[in-house]
2 protein chains.
Amino acid sequence: MDDETRKIPSHEVTYGRLRDMILFGRLEPGQPVTIQGLVKELDAGMTPVREAIRRMTAEGALLPQGNRRVAVPNLTPALLEQLAFVRLTVEPKLAELAGAALTPALIDRLEAIDGAVDAAIKGGRVSDYLESNHAFHFALYEASGAPLLVDIARSLWLRFGPSLRVVCARYGATALPDRHEEALAAMRAGDVKGLARAIENDIQQGIDQIRQAQEAGEI
Amino acid sequence: MDDETRKIPSHEVTYGRLRDMILFGRLEPGQPVTIQGLVKELDAGMTPVREAIRRMTAEGALLPQGNRRVAVPNLTPALLEQLAFVRLTVEPKLAELAGAALTPALIDRLEAIDGAVDAAIKGGRVSDYLESNHAFHFALYEASGAPLLVDIARSLWLRFGPSLRVVCARYGATALPDRHEEALAAMRAGDVKGLARAIENDIQQGIDQIRQAQEAGEI
DNA sequence: GTTCAAGAAATTTGATCAAATTATCCCGCC
DNA sequence: GGCGGGATAATTTGATCAAATTTCTTGAAC
């Protein structure tokens with residue numbers, strides 16, 4: 001363990017932890033994030049925490065408040081609209097690129113991950129759902145060979161995470177749709193366009209859910 | 001001056017300076033960026049410099065080298081292709097949104113900026129061209145009311161900057177096209193779609209130039 | 001005697017921490 | 001309701017430690 005810990009710098013570890021906290025909604029929209037709070041919570045030094053916060057801020061996952069504090073941003077309807085536009089452009093494209101590079105081994109792996117997604121939905125475990133859903137999408141996207149697009153998708157998911165968690169927790173994970181079967185069927189059939197459409201539908205559905213929650217004033 | 005300097009934190013200033021160095025190509029692709037080098041060059045403390053570097057890294061404007069150094073990334077053909085895809089999606093959209101919100105005052109301002117672009121081209125001043133060209137685009141984009149899209153455009157320009165500078169310096173600024181007249185004409189005519197097309201052409205042309213330089217092995 | 005390579009020392013650079021400074025917020029008081 | 005003053009947190013600096021690169025040296029082979 002000491003060998004591992006020594007290799008990977010503390011600020012990377014700290015960044016990863018903070019990122020997951022936001023990505024998987026362990027921090028709520030609007031919640032303030034303080035350096036000293038994270039120092040205690042993550043048991044890290046001040047410098048690594050500062051750097052992690054700056055990185056998240058640069059990615060739009062944290063929002064400077066003018067007074068030198070930062071907080072988890074609220075997803076306003078206007079922001080959601082912009083987010084939707086880019087996600088619906090970039091992620092189907094990623095699916096298309098990945099579709100052209102799929103291997104049987106990768107499809108198997110995606111099936112296994114989707115199994116975990118299903119299990120999480122059936123069991124009503126929101127955190128597991130969010131993590132395995134994320135894993136499914138990015139295991140696919142990574143196969144695209146387009147790291148810049150993957151980076152952009154990642155930063156968009158970060159802005160999405162906190163609100164999605166709230167919505168899931170509200171409706172319960174059992175109500176969540178799983179469009180991954182559609183995607184997997186297209187993969188098996190070698191239907192690249194169909195895969196892109198399935199991913200598009202999946203994303204659209206997630207966006208619609210958040211939009212509905214917004215209109216209902218729930219977030 | 002002390003009032004100004006005290007208000008805006010040092011790490012913000014440092015970040016802004018480093019960002020401009022990359023955005024306007026004062027750092028070449030492949031060039032290593034060191035903390036201590038920037039500490040001396042920008043006359044800043046170590047922490048602000050570290051944070052600026054982390055932010056730029058998070059935006060993809062600097063690339064970690066594995067050994068804990070960072071450098072200005074080279075724009076490979078594969079990256080350029082991904083970059084082109086997103087820019088050609090996001091920036092025409094920004095132009096379209098901005099087109100619906102244009103005021104005569106803003107058009108006047110854009111005309112003035114375009115005058116500076118022209119003057120820089122005629123005078124062969126590459127730096128001035130890059131800065132006023134950037135100013136033109138983002139003055140327009142800011143009017144879109146879509147800050148998330150503007151953020152994305154900004155990060156894409158950052159990845160573009162260093163290579164664009166090399167290309168401009170090679171071909172000379174006098175050879176640079178200026179599609180802004182087309183855009184301004186569309187603005188005056190209230191032709192939103194035409195404005196979006198003009199911006200799309202402008203971007204496409206810049207991308208083509210870099211692509212040609214890549215194929216010629218010049219960058 | 002020259003050349004090359006391996007290894008060790010020195011230098012450069014990055015990572016982390018702790019203390020001092022400064023700004024902001026909040027609460028009691030006028 | 002506006003105005004200090006204490007508490008809290010962010011900023012910044014400088015020092016220290018660790019890692020990596022470069023340079024220099026040494027020894028062996030040709």
Side-chain angles (χ1 to χ4, degrees), chain A residues 1-19 21-22 26-74, chain B residues 1-19 21-22 26-74:
Chain A
M1 168 185 158
D2 216 39
D3 289 343
E4 307 298 322
T5 323
R6 194 160 304 166
K7 289 268 180 220
I8 174 166
S10 158
H11 62 88
E12 286 291 344
V13 177
T14 306
Y15 167 76
R17 290 215 237 169
L18 177 57
R19 186 200 51 208
M21 285 172 72
I22 292 173
R26 292 208 294 281
L27 298 177
E28 287 178 24
Q31 183 173 338
V33 172
T34 68
I35 294 179
Q36 319 226 352
L38 288 179
V39 166
K40 284 171 199 149
E41 185 168 348
L42 300 180
D43 192 38
M46 186 181 262
T47 305
V49 168
R50 282 184 74 82
E51 294 185 8
I53 289 179
R54 292 279 179 262
R55 280 173 74 172
M56 296 302 291
T57 305
E59 296 184 79
L62 290 175
L63 195 66
Q65 305 282 0
N67 55 358
R68 34 202 215 168
R69 314 283 169 95
V70 297
V72 181
N74 271 101
Chain B
M1 168 187 160
D2 216 37
D3 290 342
E4 307 300 321
T5 323
R6 193 158 303 166
K7 289 270 180 216
I8 175 167
S10 158
H11 63 86
E12 286 291 344
V13 178
T14 305
Y15 167 75
R17 290 213 236 171
L18 176 57
R19 185 199 54 208
M21 285 172 73
I22 293 173
R26 293 208 294 280
L27 299 177
E28 288 178 25
Q31 183 172 338
V33 172
T34 69
I35 294 180
Q36 319 217 358
L38 288 179
V39 166
K40 284 172 199 148
E41 184 167 350
L42 300 180
D43 191 38
M46 190 183 258
T47 305
V49 168
R50 283 185 73 81
E51 294 186 8
I53 289 179
R54 291 278 178 263
R55 283 173 72 172
M56 296 302 291
T57 306
E59 296 184 79
L62 290 175
L63 195 67
Q65 304 282 355
N67 55 2
R68 36 201 213 164
R69 314 283 168 98
V70 298
V72 181
N74 272 99

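Chain letters run A, B, ... following the sequence lines, proteins first, then strands; residues in each count from 1.
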NZ/NE/NH1/NH2 to OD/OE distance under 4.0 Å, A:Arg55 and A:Glu12: yes
As a test of reading the structure: which of [options] is closest to the side chain of [X], going by heavy atoms?
| X | options | answer |
| --- | --- | --- |
| B:Arg68 | D:dA19, D:dA10, C:dT16 | D:dA19 |
| B:Ile35 | C:dG14, C:dC17, D:dA10 | C:dG14 |
| B:Thr47 | C:dA15, D:dA10, D:dT12 | D:dT12 |

Which atom names give the shortest non-hydrogen contact between B:Arg50 and B:Ile35, and what distance separates them? NH1-CD1, 3.3 Å
Taking every non-hydrogen atom, the tightest pair across B:Val49 and B:Ala44: CG2-CB, 4.0 Å
Euclidean distance, atom [atom1] of residue [X] to atom [atom2] of [N] [Å, nearest integer]:
| X | N | atom1 | atom2 | value |
| --- | --- | --- | --- | --- |
| A:Arg50 | C:dA18 | CZ | C1' | 14 Å |
| A:Arg54 | C:dA15 | CZ | P | 17 Å |
| B:Glu12 | D:dT12 | CD | C1' | 14 Å |
| A:His11 | C:dT13 | NE2 | C1' | 13 Å |
| B:Gln65 | C:dT13 | CD | C1' | 14 Å |
| A:Glu51 | D:dT12 | CD | C1' | 14 Å |
| A:Gln36 | C:dA18 | CD | C1' | 12 Å |
| A:Leu38 | D:dA10 | CG | C1' | 13 Å |

For a 4.5 angstrom cut-off between non-hydrogen side-chain atoms, does [X] reach [Y]?
| X | Y | value |
| --- | --- | --- |
| A:Thr47 | B:Thr47 | no |
| B:Val72 | B:Leu62 | yes |
| B:Met21 | B:Leu42 | yes |
| A:His11 | B:Arg54 | yes |

For the CG atom on B:Asp43, are there more than 12 heavy atoms of other groups (residues, nucleotides or ligands in this structure) within a distance under 6.0 Å? no
Below 3.5 Å is the cut-off: list the nitrogen or oxygen pairs between protein and nucleotides 21-23 of chain D, distance only.
unit_1: D:dT21; atom_1: OP1; unit_2: B:Asn67; atom_2: ND2; d: 2.4

A:Thr57 vs A:Ile53, test: side-chain contact (heavy atoms from CB on, under 4.5 Å). Steps then yes/no. CA-CA 6 Å; A:Thr57 305; A:Ile53 289 179; 4.0 Å; yes
The residue, B:Gly37 or A:Gly45, whose nearest nucleotide of DNA chain C is more 5′ is B:Gly37
Find the bend of the helix from C:dG1-D:dC30 to C:dC30-D:dG1 as the angle between its two terminal axes (five pairs each), to the nearest 10°. 10°
